[in-house]
There are 2 protein chains.
Amino acid sequence: MSGTRREVPNDPGRKERILDAALDVVAELGVPGTTHRRIAARAEVPLGSLTYYFDGLEDLLGQAFERLSTGMSATYRRTLEAARTPAEAEEAVVDLICGPRYATAREMTLIFEMYAYANHHAGVGATARAWVLRSRESLGLHFPEPVCRALDVLVEGWPIHRAFDAGPPDRALVAATVRAIVGGLTGGPGGPPAADEG
Amino acid sequence: MSGTRREVPNDPGRKERILDAALDVVAELGVPGTTHRRIAARAEVPLGSLTYYFDGLEDLLGQAFERLSTGMSATYRRTLEAARTPAEAEEAVVDLICGPRYATAREMTLIFEMYAYANHHAGVGATARAWVLRSRESLGLHFPEPVCRALDVLVEGWPIHRAFDAGPPDRALVAATVRAIVGGLTGGPGGPPAADEG
DNA sequence: GGCGAGTGTGTACGCTTGTACAGCCTTGCT
DNA sequence: AGCAAGGCTGTACAAGCGTACACACTCGCC
């Protein structure tokens, strides 16, 4: 039935391999140092492959960052889905901030690059927006909306400080902060229910 | 007395003008789009000036980012110094997060670029570290150390979400979160004193 | 076995980049 | 007025970039 002869590419998964190689190069040299040639070398594919599979460097980086954010969102969600009780949910948030699974050094480097890039390329801007939304959605499995916003800020901001602080994560402080926010924003005696005092 | 004839440069302030122009270009095009020529055009100086005043692009960007972080640190500190009571201090933190004075769109864009750049250039890495330290020091004018850490994460993380969220700052929620952290971490009933439960 | 379509690649080109440097121009001293 | 000493600049160059494209190759069908 098909008029075309070869619907299957010779090397399936090649495109993904290129995207991973691109992320490797970005992690190592930053976007300014990321070139077609370096990506091709890292992926061990000919230079022409990049222009064949992608519509220029902007397209390639856009898809690479989308791949990154999709993968991280999945980890984020899986971590929160595994929690069964409110206490476990708080623990999961602490894990996201401190744990060795999420927000690794490589991931933080890539996230910085993505945010920087997003400010100058609308497509990646949309990716970043979607990513923030998905995070909040995952937190929504366990917490009311305002708490989600506040906690997500924590999950976002703390690893950044870790990246430039060399110090250990200090799990206890993170745990205390998470508890303070959850308690304080859900009607605890420490603060108003949420956002109803302005 | 002096052996040299011209100790005063023809155009004082030129160097600073170049640094400001560099930040303008970075804010508009990102580091990957920042070139000697574009900076020179923006600063309205000849191309040769850049190699005369700076030892290459890395040196120039390093000094530009240092200028940026110094300026922002000053605003940060001034805002906190103006607070006279604990309540005013909390309000100041909320101002830093929401206010139109600190963390403007341009500044956030530049901060992203700086963080991304810092991961690949040791000099700017030191600048970023110093910047985080200064922030915490300024918060230390009003809050104990663990609270400083948590609040600084908020000041860092919330504007990031603002940058990709299009929504309004929601001052009330920010204020409630700040209060929850300050209350919860300083012995309030919502949580332990601080970091002493691991 | 031969054919044609569609996948994939090696090479070449025009352009922009960072940077070096020969020399100009301003200036203070004599 | 003349000089000498730098601060400063315009220009030139080699390197590396993104991208186009003519061609090789593979494979199902007749």
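Reckoned from all heavy atoms, side chains included, excluding hydrogens, waters and symmetry mates. Letters A, B, ... are given to chains in the order of the sequence lines, protein chains preceding strands, and every chain is numbered from 1.
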Starting at atom [atom1] of [X], determine the distance to atom [atom2] of [N], rounded to an integer number of angstrom.
X	N	atom1	atom2	answer
A:Phe54	C:dT9	CZ	P	13 Å
B:Asp59	C:dG18	CG	C1'	14 Å
B:Leu50	C:dA20	CG	C1'	14 Å
A:Lys15	C:dT7	NZ	C1'	15 Å

> What does nucleotides 11-20 of chain D look like as a protein-contact string, B for base, S for sugar-phosphate only, - for none, at under 4.0 angstrom between heavy atoms?
Replying inline: B-----BBB-
>> Grouping I, L, V, M, F, W and Y whenever their side-chain heavy atoms are under 4.5 Å apart, do B:Leu110 and B:Val132 come out in a common cluster?
In response: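 Both belong to a single hydrophobic cluster.
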> In terms of the angle between their ring planes, are B:Phe112 and B:Phe164 parallel, tilted or perpendicular, with boundaries placed at 30° and 60°?
Replying inline: parallel
> Using the ring of each side chain (for Trp, its six-membered ring), is B:Phe65 parallel, tilted or perpendicular to B:Tyr117, with breaks at 30° and 60°?
Replying inline: tilted
>> If I compare all heavy atoms of A:Glu156 with all of A:Pro159, which pair ends up nearest, and what's the gap?
In response: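 That closest heavy-atom pairing would be O-CD, 3.6 Å.
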> Is the phosphate of C:dT9, meaning OP1 or OP2, less than 4.0 Å from a side-chain N or O of A:Ser49?
Replying inline: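 So the side chain of A:Ser49 is within the cut-off, an N or O lying under 4.0 Å from OP1 or OP2 of C:dT9.
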> Should A:Tyr53 be listed as having a side-chain N or O under 4.0 Å from OP1 or OP2 of C:dT7?
Replying inline: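 For C:dT7, OP1/OP2 do not have a side-chain N/O of A:Tyr53 under 4.0 Å.
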> Sub-3.5 Å donor-acceptor pair from the side chain of A:Arg101 to the main-chain atoms of A:Thr75, do we have one?
Replying inline: no
> Which residues pass the side-chain contact (heavy atoms from CB on, under 4.5 Å) test with A:Pro144, sequence neighbours left out?
Replying inline: A:Pro146, A:Val147, A:Thr186
